[in-house]
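When a ligand or atom number is given, it counts from 1 through the structure's own listing order.
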Amino acid sequence: MTTASPAADSRPPSAGGPDPATPPTVWTRKHLLGLEDLSREEIYAVLDTAESFSEISKRSRKKVPALQGRVVFNLFFENSTRTRTSFSLAAKRLSADTQDFTASVSSLSKGETFIDTAKNIEAMGCDLMVVRHPTPGAPHLLSQHVGSAIINAGDGAHEHPTQALLDLMTIRRAKGRIEGLTVALLGDIGHSRVARSNIWGLLKLGAKVILCGPPTLVPKGMERLGCEVAYRLEDVLPRCDVINVLRIQFERQQGGLFPSVGEYSHFYMMTQERVRKAKPDLLILAPGPINRGVELTPEVADGKHSAILDQVTNGLAVRMAVLYLLTGKMAAAPSGD
Ligand code: CP
């Protein structure tokens with residue numbers, strides 16, 4: 001998907017990248033736990049900072065000293081390809097020291113608790129912890145027990161704030177705005193942290209949000225948040241500017257929520273035929289990992305409407321922005337003298 005001109009509904013990004021001494025004054029938070037808490041202005045502060053940082057990744061020398069002397073730990077208690085590696089790379093691009101903690105080979109297997117694990121990591125010197133955990137609220141719990149800044153990298157089916165921020169950045173880049181767009185979240189709404197963070201972010205920025213999927217995968221009462229709910233994709237396709245195709249979260253389901261994968265795909269998979277029934281400039285997102293032939297066909301995943309790999313690229317800039325904004329609230333890093 002080619003990108004449009006700079007965002008029409010925000011302040012323009014600064015020309016030479018952010019000045020590490022002057023993070024946006026609207027940002028005053030120590031942690032990033034979810035988009036439910038963020039204001040529209042705070043979301044734009046992240047998006048605008050990310051726009052400035054995206055330029056760094058195009059340089060031959062892809063590094064700036066903004067986080068020199070800072071230590072970033074990745075604490076992932078669930079698997080990840082995109083989030084973990086892009087946080088790691090984002091921290092390195094900002095000159096922080098990074099360390100990955102791998103739960104499967106840790107002393108958790110000997111009975112050490114989640115909080116004790118985090119406290120021991122903090123005792124080695126840690127400024128930021130990037131936390132993914134299968135339990136909703138786990139990053140929030142850590143934020144009450146350690147002094148480090150906490151970034152939620154996905155907590156159960158609750159929130160995945162940096163995924164939604166990179167989705168918003170991708171939409172704004174492609175469409176030039178978010179306000180007034182109609183965005184459908186398609187598929188397994190009930191088990192998706194990406195859906196929840198997207199709903200908060202899109203509504204705050206003035207998009208119309210449609211939740212579309214089988215009745216068993218769309219929780220009751222979502223209309224109360226301000227979303228439209230639809231069970232037939234064909235009914236909403238012609239109105240959508242953006243469709244965000246969610247993965248079926250088999251690992252969070254008890255089973256029996258739809259008769260078969262084949263039947264799900266028959267009604268909800270994005271196919272070329274369905275793309276033809278949509279607006280000519282339909283933008284298709286998917287947070288990844290994608291299941292080709294289940295949620296979308298390979299032709300759609302790799303087709304001209306797809307921005308799936310742009311999302312990954314933008315994720316790096318968003319994560320640089322988040323690390324930068326959170327460290328901007330900290331006391332100065334040691335000078336090394
Ligand atoms: N979208 C996303 O969070 O991907 P990973 O699980 O690979 O990090």
Sub-4.0 Å heavy-atom contact, R132 with ligand 1: yes

Give the residue and atom name of whichever protein heavy atom lies nearest to atom 4 (O) of ligand 1, and the separation in Å to one decimal. R82 NE, 3.0 Å

Compute the shortest N/O to N/O distance between R84 and ligand 1 and return yes if it is under 3.5 Å, no if not. no

So does E295 pair up with R247, basic N to acidic O under 4.0 Å? no

Hey, can you pull the donor-acceptor pairs under 3.5 Å for the side chains in residues 202-214, sequence neighbours left out?
from : atom 1 : to   : atom 2 : distance (Å)
K204 : NZ     : L35  : O      : 3.2
K204 : NZ     : E36  : O      : 2.6
K204 : NZ     : L38  : O      : 2.6
K208 : NZ     : E228 : OE1    : 3.1

Check contact between G288 and ligand 1, using heavy atoms of the residue and a distance below 4.0 angstrom. yes

Enumerate the atoms of ligand 1 whose separation from the nearest heavy atom of T83 is less than 4.0 angstrom. 2 (C), 3 (O), 4 (O), 5 (P), 8 (O)

Could you list which atoms of ligand 1 come closer than 4.0 Å to a heavy atom of H160? 2 (C), 3 (O)

Aromatic ring proximity, centroids under 6.0 angstrom, F53 and Y324: yes

Students should be able to answer this: which protein heavy-atom is nearest to atom 7 (O) of ligand 1, and at what distance? T81 N, 2.7 Å

Check whether any side-chain N or O of S95 sits under 3.5 Å from a backbone N or O of V64 as a donor-acceptor pair, and report yes or no. yes

Which pairs count as ring-ring contact (aromatic ring centres under 6.0 Å, His included) when at least one residue sits in residues 158-179, sequence neighbours excluded? H140-H158

